[in-house]
Amino acid sequence: RRQRQDVYKRQPKDMSVQALIMEASQLNVFEYVEQKVIHQIDFVPNDPSLNDQSYLTQVAANSAWDITSGSTNVKVGIVDSGTDMDHPDLVTEMYENSGDPINGIDDDNDGYIDNFYGWDFYQNDNDPQIGDNAHGIHVAGISAAATNNNEGVASVGYSSQFMPIRAGNGVAITHGYEGVIYAADMGCDVI
């Protein structure tokens, strides 16, 4: 016991676990020396509304998050009723088309002026802000809300980005075809 305590007292704080194991093994007082690893069963994000999201259990999102937490390189096109451009769980996850900043010019020559955040096909402008129906907000949240941020909900896409594409009003999706073509042309990985 005394030798074990001496080993811990002598170790510099920046000594690797492997070096500590090697030194402890050489004391000839232990039958074996190994690192104790604590395994997590499933990763559980800290979003307060997580327990209200039963669909995440249905699609085994926790098990998927153990394998990957997504990537900011994955772009999800949400063709729906628009989104809440100021929603705290969505604002940080919106794709930004840096090739076309908001300046009144179609800088990237794609036929859409200032489509920095996406496009509104219903009103034919660069503001895909939600209309009369919150459906698009819910779809964006399920797909790509900021996850593990102590805010709102968790998303299946975890750290993916999304492009809001408003394709209708609160009653009907009248421009769905145009929205899907736009999302594909803009390089969305999932639509």
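No experiment lies behind these values; they were computed from the predicted model shown. Index from 1, following the sequence.
Residues D100 and F116 fail the side-chain proximity criterion, which asks for heavy atoms closer than 4.5 Å. W65 has its side chain out of reach of V156: every pair of non-hydrogen atoms, C-beta onward, lies at least 4.5 Å apart. Contact check for N148 versus Y158: side-chain heavy atoms found under the 4.5 Å cut-off. Using a 4.5 Å cut-off on side-chain heavy atoms (C-beta onward), S160 and E93 make no contact. Two residues are said to be in side-chain contact when any heavy atoms from C-beta on lie closer than 4.5 Å; R166 and D80 fail this criterion. Residues M94 and F162 form a side-chain contact, since some pair of their non-hydrogen atoms from C-beta on lies under 4.5 Å apart. Inter-residue side-chain proximity for N97 and D108 is flagged as met; some heavy-atom pair is nearer than 4.5 Å. I130 has its side chain out of reach of T83: every pair of non-hydrogen atoms, C-beta onward, lies at least 4.5 Å apart.
Rounded to the nearest 0.5 Å, atoms CD (Q129) and CG (D120) are 10.0 Å apart. Atoms CE and CG, from M22 and L20 in turn, are 11.5 Å apart once rounded to the nearest 0.5 Å. Taking CD1 from I173 and CD1 from I165, the interatomic distance works out to 11.5 Å, rounded to the nearest 0.5 Å. Considering CG of D189 and CE of M163, their distance stands at 10.0 Å, rounded to 0.5 Å. Atom CG in N126 sits 10.5 Å away from atom OH in Y117 (nearest 0.5 Å). The distance from atom OG1 of T147 to atom CD of E151, rounded to the nearest 0.5 Å, is 11.5 Å.
Under a hydrophobic clustering in which Ile, Leu, Val, Met, Phe, Trp and Tyr are joined whenever their side-chain heavy atoms come within less than 4.5 Å, directly or via other members, F30 and V17 fall into the same cluster. L90 and V190 fall within a single hydrophobic cluster, where Ile, Leu, Val, Met, Phe, Trp and Tyr are joined by side-chain heavy atoms under 4.5 Å apart, directly or via other members. Placement of V79 and I181 in two distinct hydrophobic clusters is found when ILVMFWY residues are connected by side-chain heavy-atom separations under 4.5 Å, directly or transitively. Both V33 and L27 are assigned to one and the same hydrophobic cluster, defined by single-linkage of ILVMFWY side chains at heavy-atom distances under 4.5 Å. Hydrophobic clustering (ILVMFWY, side-chain heavy atoms < 4.5 Å, transitive): Y95 and I191 are in one cluster.
Of all the heavy atoms in M186 and D110, the pair that sits closest is SD-OD2, 3.8 Å. When every heavy atom of I78 is checked against every heavy atom of G136, the shortest pair comes out as CG2-O, 4.2 Å. When all heavy atoms are compared, the tightest approach of D114 to P101 is OD1-O, 2.9 Å. A134 and S81 make their closest contact through C-OG, 4.4 Å (heavy atoms, listed as atom of the first residue, atom of the second, distance). N169 and A172 get closest at one heavy-atom pair: OD1-N, 3.0 Å. Minimum interatomic distance between Q53 and A154 (heavy atoms only, all atoms of both residues): NE2-O, 2.7 Å.
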| said: Apply side chain to side chain contact (heavy atoms under 4.5 Å, CB included) to residues I21 and S25 and explain how you reach the verdict. | reply: CA-CA 6 Å; I21 289 171; S25 296; 4.1 Å; yes
| request: Begin with the C-alpha distance, continue with both residues' side-chain angles, and end with the deciding distance and a verdict on side chain to side chain contact (heavy atoms under 4.5 Å, CB included) for H175 and N124. | output: CA-CA 10 Å; H175 295 78; N124 196 33; over 6 Å; no
| request: Assess whether side-chain hydrogen bond (donor to acceptor under 3.5 Å, both in side chains) is satisfied between N103 and D107, documenting all intermediate values. | output: CA-CA 9 Å; N103 60 7; D107 295 289; 3.0 Å; yes
| task | Could you check V74 against Q161 for side chain to side chain contact (heavy atoms under 4.5 Å, CB included), going step by step and ending with a plain yes or no? | result | CA-CA 6 Å; V74 174; Q161 294 189 321; over 6 Å; no
| request: Please test N62 against V44 for side chain to side chain contact (heavy atoms under 4.5 Å, CB included), starting from the C-alpha separation and ending with a verdict. | output: CA-CA 6 Å; N62 290 61; V44 179; 3.6 Å; yes
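Side-chain atoms of D89 and N149 form a donor-acceptor pair, as typed in the model, at a separation below 3.5 Å. Judged by distance alone, the side chains of S155 and S143 never bring a donor and an acceptor atom under 3.5 Å apart.
Counting only distance, with no hydrogens or angles, the side chain of N115 and the backbone of G118 share no donor-acceptor pair below 3.5 Å. Between the N46 side chain and the N150 main chain, a donor and an acceptor come within less than 3.5 Å of each other. Formation of a donor-acceptor pair under 3.5 Å by the S159 side chain with backbone atoms of S69 is found in this model. The main-chain N or O of L50 is never found under 3.5 Å from a side-chain atom of D47 such that the two would form a donor-acceptor pair.
At most 12 heavy atoms of other shown residues, nucleotides or ligands fall within 6.0 angstrom of atom OH in Y32.
Ring pair Y112/Y182 is perpendicular by interplanar angle, where above 60° counts as perpendicular and below 30° as parallel.
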